[in-house]
Amino acid sequence: MLSIIHSAFRSFIDGVEGNVDNSQTANFDDTSSDSGANLAEILDNDQVDWDAVENRIASHPEEASSPRTPGGGPTPLCVAIDRDAPPQVIAAILAAHPRAARELVHWHSRLTPLYLAVARGAPPKVVRLILNAHPAAASQPVFNGCLPLHAASDVETARMLIEAFPRGVSWRNSQGYLPLHRVSYAADSTPDVVELLIE
């Protein structure tokens, strides 16, 4: 399931990138004379310079709220999650654009930034930042009825999600699976998560 969600997100990003004329790419500050690259361009580099991302957000906070292309596409928060950004970058994006944690990654799937972070196996510190910015996301199911708890692969993340939405432990997805069922057969989950969900 996680691979399907990640594949869908990658396809969405790739589709957006493949259909974008580079002359149409969002240019958030044409008058900028600093590095010349906007936040979207820095995030699109093969090797992301996370210090450059933080510096760009500090000098151009409005770019943290802009999609990568004029017609939409993934937000900087979603791209940063997908690119395994360190916690300080996620914090910088959320400080510049607190509503980023509420914006759906993809409206068809109802995928939230919190679900994306949990499904991608983001460090608990990253999950905590996103959860603090939008606690209700712990109770928001995605297209198949799964909550972020269904995707938890480490015990610290699972605990946070249970604290935010205790009823999530007994939440069944559209196939009738509880989070316990999913983590029991998922290759990326630890035994500690299974034990926590049994308690």
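Both backbone and side-chain heavy atoms feed into the values below; hydrogens, waters and symmetry mates do not.
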Visitor: If you link ILVMFWY side chains whenever their heavy atoms are less than 4.5 Å apart, which other residues fall into the same cluster as F165? By chain and number, please.
Guide: L147, W171

Visitor: V193 vs L197, test: side chain to side chain contact (heavy atoms under 4.5 Å, CB included). Steps then yes/no.
Guide: CA-CA 6 Å; V193 178; L197 292 173; 4.1 Å; yes

Visitor: At their closest point, which heavy atom of I93 faces which heavy atom of A80, and how far apart are they?
Guide: CD1-CB, 3.7 Å

Visitor: Show me, pair by pair, the donor-acceptor contacts under 3.5 angstrom made by side chains of residues 127-140, not counting sequence neighbours?
Guide:
| from | atom 1 | to | atom 2 | distance (Å) |
| --- | --- | --- | --- | --- |
| N132 | ND2 | R128 | O | 3.4 |
| H134 | ND1 | R102 | NH1 | 3.3 |
| H134 | NE2 | Q140 | OE1 | 3.0 |
| S139 | OG | A136 | O | 2.8 |

Visitor: Going from OG on S153 to CZ on R182, what distance comes out if it is rounded to the nearest 0.5 angstrom?
Guide: 7.0 Å

Visitor: Measure across P113 and L77 and return the closest heavy-atom pair with its distance rounded to 0.1 Å.
Guide: CB-CD2, 3.8 Å

Visitor: Report yes or no: do W50 and V79 belong to one cluster of Ile/Leu/Val/Met/Phe/Trp/Tyr joined by side chain heavy-atom distances under 4.5 Å?
Guide: yes

Visitor: Has the side chain of N55 got a donor or acceptor atom that lies under 3.5 Å from a matching backbone atom of D51?
Guide: yes

Visitor: Check step by step if side chain to side chain contact (heavy atoms under 4.5 Å, CB included) holds for Q175 and N173.
Guide: CA-CA 5 Å; Q175 294 177 324; N173 69 12; 3.5 Å; yes

Visitor: Is there a path of hydrophobic side-chain contacts, each under 4.5 Å between heavy atoms, that joins I198 and Y177?
Guide: no

Visitor: How long is the gap from CE on M160 to NZ on K125, to the nearest 0.5 Å?
Guide: 11.5 Å

Visitor: Quick one: CD1 on I42 to CD on E54, what's the gap to the nearest 0.5 Å?
Guide: 11.5 Å

Visitor: Can you list everything that forms a side chain to side chain donor-acceptor pair (under 3.5 Å) with T157? Sequence neighbours excluded, please.
Guide: D154

Visitor: Determine, stepwise, if the pair E63 / H97 fulfils side-chain hydrogen bond (donor to acceptor under 3.5 Å, both in side chains).
Guide: CA-CA 9 Å; E63 291 182 14; H97 182 51; over 6 Å; no

Visitor: Determine whether L161 and L114 satisfy the following criterion, side chain to side chain contact (heavy atoms under 4.5 Å, CB included), listing intermediate values before the conclusion.
Guide: CA-CA 10 Å; L161 295 170; L114 178 63; 4.0 Å; yes

Visitor: Where is the tightest heavy-atom contact between V89 and V53, given as atom of each residue plus distance?
Guide: CG1-CG1, 3.7 Å

Visitor: Would you give the length of the straight line joining atom CG of L43 to atom SG of C78, rounded to the nearest 0.5 angstrom?
Guide: 11.0 Å

Visitor: Considering only heavy atoms from C-beta outward, does the side chain of R120 approach that of D82 to under 4.5 Å?
Guide: yes

Visitor: Please find the pair of heavy atoms, one from N144 and one from S174, that lie closest to each other, and give the distance.
Guide: O-OG, 2.7 Å

Visitor: On a heavy-atom basis, which atom in A96 and which in I57 lie closest, and how many Å separate them?
Guide: CB-CG2, 3.8 Å

Visitor: Between N45 and Q47 (side chain of the first, backbone of the second, donor and acceptor by atom type, cut-off under 3.5 Å), is there such a pair?
Guide: no

Visitor: With clusters defined by side-chain heavy atoms of hydrophobic residues (ILVMFWY) lying less than 4.5 Å apart, directly or transitively, does L178 cluster with L149?
Guide: no

Visitor: I'd like to know if the side chain of E41 and the backbone of N38 have a donor-acceptor N/O pair within less than 3.5 Å.
Guide: yes

Visitor: Taking all non-hydrogen atoms of both residues, which atom of E103 and which atom of T75 are closest, and how far apart?
Guide: OE1-CG2, 3.2 Å

